[in-house]
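Below is one structure; the comments refer to it alone.
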Amino acid sequence: MTLVRILLGACGIAFAAYGVSLLLKMSTTDLHSVALWFAGAILAENLIFGPAAALAGVIGHYVLPPRWWPAYAIGAFTSLALVLVAVPVLGREDAVPGNHTILDRNYAVGLLISLVLVWAAVAAYLLVNAKPTLGRRPATAATGPRTAHRPPGSAH
């Protein structure tokens with residue numbers, strides 16, 4: 001496990017060094033643009049994404065049954081991340097008239113399809129892991145304590 005961590009750390013350092021080398025080759029104007037986008041991403045995460053994720057969690061906590069919370073949290077987090085990633089390109093289809101290969105898709109439809117797939121996966125997970133309650137006793141109706149009897153002198 002330690003070797004894997006060392007290799008992952010080395011890969012991260014190598015990728016960071018490569019990114020810095022690319023930044024050093026940029027013009028001052030481009031560096032200003034990169035800094036603006038970087039600061040904007042941090043602000044968007046702290047001012048929009050974080051509070052929206054917290055609000056979605058609180059709403060889900062009060063509206064949904066407890067066994068749905070993990071799937072809902074994953075679906076909500078993924079949805080918010082997809083929306084945050086899509087914001088810069090939404091409504092900018094064919095934004096560069098001379099080059100039809102840049103922003104050449106309908107990104108709103110792509111975002112909608114992605115969100116439908118995320119929530120379909122959440123629903124499928126909930127359906128597959130649904131616990132049938134017919135014919136079963138609730139866990140609170142169990143008789144006696146649920147402690148295991150261990151022989152004297154056994155550890156743990």
Walk me through whether His32 and Thr28 qualify under side-chain contact (heavy atoms from CB on, under 4.5 Å). CA-CA 6 Å; His32 285 283; Thr28 306; 3.4 Å; yes
Under the criterion side-chain contact (heavy atoms from CB on, under 4.5 Å), I'd like the reasoning laid out for Tyr125 against Asn129: C-alpha separation, chi angles, the key distance, then a yes or no. CA-CA 6 Å; Tyr125 172 82; Asn129 291 318; 2.6 Å; yes
Exercise: identify the closest heavy-atom pair between Ala71 and Leu126: CB-CD2, 3.8 Å
Kindly compute the distance separating [atom1] ([X]) from [atom2] ([Y]), expressed to the nearest 0.5 Å.
X: Asp30; Y: Leu22; atom1: CG; atom2: CG; value: 12.0 Å
X: Ile113; Y: Asn106; atom1: CD1; atom2: CG; value: 9.0 Å
X: Arg5; Y: Leu3; atom1: CZ; atom2: CG; value: 11.5 Å

Over 12 foreign heavy atoms within 6.0 Å of OH, Tyr107: yes
Near Trp69 CH2, under 6.0 Å, is it more than 12 heavy atoms from other residues, nucleotides or ligands? yes
Determine all donor-acceptor pairs shorter than 3.5 Å in which one atom belongs to a side chain in residues 79-91; sequence neighbours excluded.
| from | atom 1 | to | atom 2 | distance (Å) |
| --- | --- | --- | --- | --- |
| Ser79 | OG | Gly75 | O | 2.8 |
| Ser79 | OG | Trp119 | NE1 | 2.7 |

For residues 46-67, please give each side-chain donor-acceptor pair under 3.5 Å, one per line with the distance, not counting sequence neighbours.
| from | atom 1 | to | atom 2 | distance (Å) |
| --- | --- | --- | --- | --- |
| Asn46 | ND2 | Ile42 | O | 3.2 |

Same cluster or not: are Trp68 and Ile74 linked, directly or through other Ile, Leu, Val, Met, Phe, Trp or Tyr residues, by side-chain heavy atoms under 4.5 angstrom apart? no
